[in-house]
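I am attaching a structure below and will ask some questions about it afterwards.
Here is the naming used below: chain letters follow the sequence lines, and residue numbers restart at 1 for every chain. Nothing here was measured: the structure is a model prediction, and the numbers come from that model.
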Amino acid sequence: MSLINPGFGLVIWMTIALIVVLYVLGKYAWKPIMNALKEREDSIEESLRAADKAREEMKDLQFDNEKLLREAKDDRDAILREARKIKEKILDEAKDKANIEAGIIVESAKERIQNEKRAAIIEIKNSIATISIEIAEKILREEFKDKKKQAVYIEKMLKETRLN
Amino acid sequence: MSDKSGVIKTFAICGLLLLFTFFVPATFTGQHHEDNPVISEEDQHEMAEADFNAGEMIMEHIADSYEWHIITIGETHITIPLPVILYDESEWHVFMSSKFHHGHNTFKGYFISHDDINAGKIVRKDADGNEIRPYLDISITKNVLAIFMSMFLMMFVFISVARAYTRRKDHAPKGLQSFVEPIIIFIRDDIAKASIGEKKYEKYLPFLLTIFFFILINNVLGIIPFFPGGANVTGNIGVTGVLAVFTFIITTFSGNKNYWTHIVNAPGVPWWLKFPVPLMPVVELMGVFTKPFVLMVRLFANITAGHIIILGFISLIFIFGEMSTGLGFGVSVISVGFSIFMDFLELLVAFIQAYVFTLLSALYFGMATEEAHH
């Protein structure tokens, strides 16, 4: 029966001890411990959030970098394309010019050849004429060695001329 | 890994120490009353009766005492005498319990009763020869000393831990700090926050932490069978009663309008249960008192029952040992095995009961402060 018969003195001492300990621990132990735990949790949370933010920023930065890179690539491509176009244009122009030049040169060459040809023909003609006259002179000289024949021929010529 | 093996080591040590204590009751029984100078008739009667009384031995170990028995070697009791403080017949009596010579002597008319009702308590004989208790008995008994020691232990541990927190701000916990921190966080998050709610839990946390560690420390110390353990503090109905009364007072004083409305006029209950016979209010009002009562009984009964079972197993050794020495040794193997098993179980119960008491207290606080929700 003594088991379920609480001792009065024990109850008194227990109550006093519990009140004292509640007060002492509440003031000097639980409060600082709880504050420290809360502070630490807050700081951990803050750190995590900061890390998250940094990661986000990093991602943004990376994205920006990629964008910049892509833009630069595009620019480079565009410039290259432009350069190629210009090159082609220049080449085309040069070709055209060269063609025209060549045409002019050929033309003038043809003209000169024509002129030379004409000069040559004239010279040939002159030479033939001279040679013909020489030949005719020689023939005539041969023909008219004989005086009589000469006289006959002149007579004949004269007659013909009168008729005209 | 390392803390696991540490726990196992602790278990092993506890088991070994328990083994030692088996021999204490043996010497007890042999010379129980021989060294006392004044033997009452009652004692002589008892001596003739039986050498070993299991029930008496168990009760002696569970009940509070005016001295702290450590060991008995041969015929010498080694005990720590504790101060007896009595207020009787408008007079203070303060003396050491060693004056009673282990309960066999009468000092200033006071002696330790062997009667059923007042067994183990200081009494005196009144004019009619009946044993009566002194008007006030606020002696520092074994349990009171154990309470003081555990309270000092708690203050020492937690104030030093608190100092570690302020000294090593924002650092990872270390040593003792890292041992108690998970428990503190568990009580805060899984007991207080879960039961009371995010907004109001902070006010109750100091109480919950204090009772949890007080119950836990005393449960564990109660398993250890020798000084500074061995006092059955949490298996004492006075101690559990005080704890329960604190929970009751805090619950009652923090009860809000919603709480009292639920008691007096519970919503959602048919009107004929409240009027003309106020059945529900009566039941609810009874609930207010049964809750702390159940808290008190649960802790007391769990811890005491565990101790009784272990002591019962150990008693078996001596009961059989009285029949024949060989039988006693034979039974001791089984008894020790069961006792070790029970010790493990008690260690588990030590944690569970500390948890349950704290959790239920938190739940009651939560009920008292709950806002009406519809």
Side-chain angles (χ1 to χ4, degrees), chain A residues 1-70, chain B residues 59 62-64 85 116-121 133 136-141 143-144 147-148 150-152 154-155 157-166 168-171 177 180-181 184-185 188 202 205-207 209-211 213-214 233 235-239 241-243 245-246 297 300 304:
Chain A
M1 272 296 106
S2 66
L3 261 188
I4 51 162
N5 183 13
F8 177 73
L10 182 68
V11 169
I12 294 285
W13 288 119
M14 173 68 193
T15 310
I16 292 168
L18 193 58
I19 288 170
V20 169
V21 166
L22 270 174
Y23 175 76
V24 171
L25 284 185
K27 194 168 180 189
Y28 298 106
W30 305 131
K31 210 170 169 183
I33 288 174
M34 283 305 144
N35 287 342
L37 279 176
K38 197 174 256 175
E39 249 169 60
R40 201 173 63 198
E41 272 159 21
D42 285 351
S43 87
I44 288 171
E45 202 158 312
E46 192 123 326
S47 307
L48 282 175
R49 209 178 297 129
D52 257 0
K53 212 169 137 193
R55 204 179 304 137
E56 205 74 14
E57 273 171 9
M58 198 77 142
K59 215 191 264 169
D60 281 357
L61 216 67
Q62 217 164 348
F63 185 73
D64 281 357
N65 277 348
E66 254 167 44
K67 213 169 102 187
L68 270 174
L69 206 70
R70 208 165 36 236
Chain B
M59 279 306 162
I62 291 171
D64 204 356
I85 305 165
D116 196 35
I117 308 158
N118 290 325
K121 298 227 168 90
R133 297 269 293 132
L136 247 178
D137 179 3
I138 50 168
S139 309
I140 307 295
T141 58
N143 279 347
V144 174
I147 288 166
F148 287 167
S150 57
M151 294 289 193
F152 274 112
M154 275 171 75
M155 288 199 271
V157 167
F158 291 110
I159 289 171
S160 67
V161 165
R163 209 168 289 152
Y165 272 108
T166 45
R168 295 162 31 81
K169 231 176 196 159
D170 287 346
H171 278 77
Q177 203 187 346
V180 295
E181 191 184 298
I184 292 174
I185 289 176
R188 187 192 63 181
E202 271 170 337
L205 202 52
F207 176 74
L209 285 164
T210 307
I211 59 165
F213 283 106
F214 176 76
V233 174
N236 186 295
I237 202 151
V239 174
V242 171
L243 291 171
V245 164
F246 269 77
V297 173
F300 155 76
T304 303

Atom pair OG1/CG of B/Thr166 and A/Asn35 - distance to nearest 0.5 Å: 10.5 Å
A/Met14 and B/Leu243, any side-chain heavy atoms less than 4.5 Å apart: yes
pair B/Thr141-A/Trp13: side-chain heavy atoms closer than 4.5 Å: no
Toward chain B, the part of A/Ser43 with a non-hydrogen atom under 4.5 Å: side chain
Min side-chain heavy-atom separation B/Met151-A/Val24 under 4.5 Å: no
Sub-4.5 Å side-chain heavy-atom contact between B/Gln177 and A/Ile33: no
Engaged part of B/Thr304 at the chain A interface, taking heavy atoms whose separation is under 4.5 Å: side chain
Region of B/Arg188 that comes under 4.5 Å of a non-hydrogen atom in chain A: side chain
Atom of A/Pro32, atom of B/Ala162 and distance for their closest heavy-atom approach: CG-CB, 3.8 Å
Distance-minimising heavy-atom pair for A/Ala17 and B/Ile147: CB-CG2, 3.9 Å
Value rounded to 0.5 Å, distance of CG in A/Leu25 from OG1 in B/Thr210: 5.0 Å
Presence of salt bridge, A/Glu39 and B/Arg168, under 4.0 angstrom: no
A/Leu10 side chain reached by B/Asn236 side chain, heavy atoms, under 4.5 Å: yes
Flag side-chain contact, heavy atom, 4.5 Å: A/Tyr28 against B/Arg163: no
pair B/Phe246-A/Leu18: side-chain heavy atoms closer than 4.5 Å: yes
Region of B/Asn143 that comes under 4.5 Å of a non-hydrogen atom in chain A: both
Aromatic ring pairing B/Phe158/A/Trp30, orientation class (parallel under 30°, perpendicular over 60°, tilted between): tilted
Within-4.5 Å side-chain heavy-atom neighbours: A/Val21 and B/Phe152: no
Electrostatic pair B/Glu202:A/Lys31 at N-O distance under 4.0 angstrom: no
Most chain A-contacting option - heavy-atom pairs closer than 4.5 Å, from B/Tyr165, B/Phe207, B/Phe300: B/Tyr165
From CG (B/Leu136) to CD1 (A/Ile12), nearest 0.5 Å: 7.5 Å
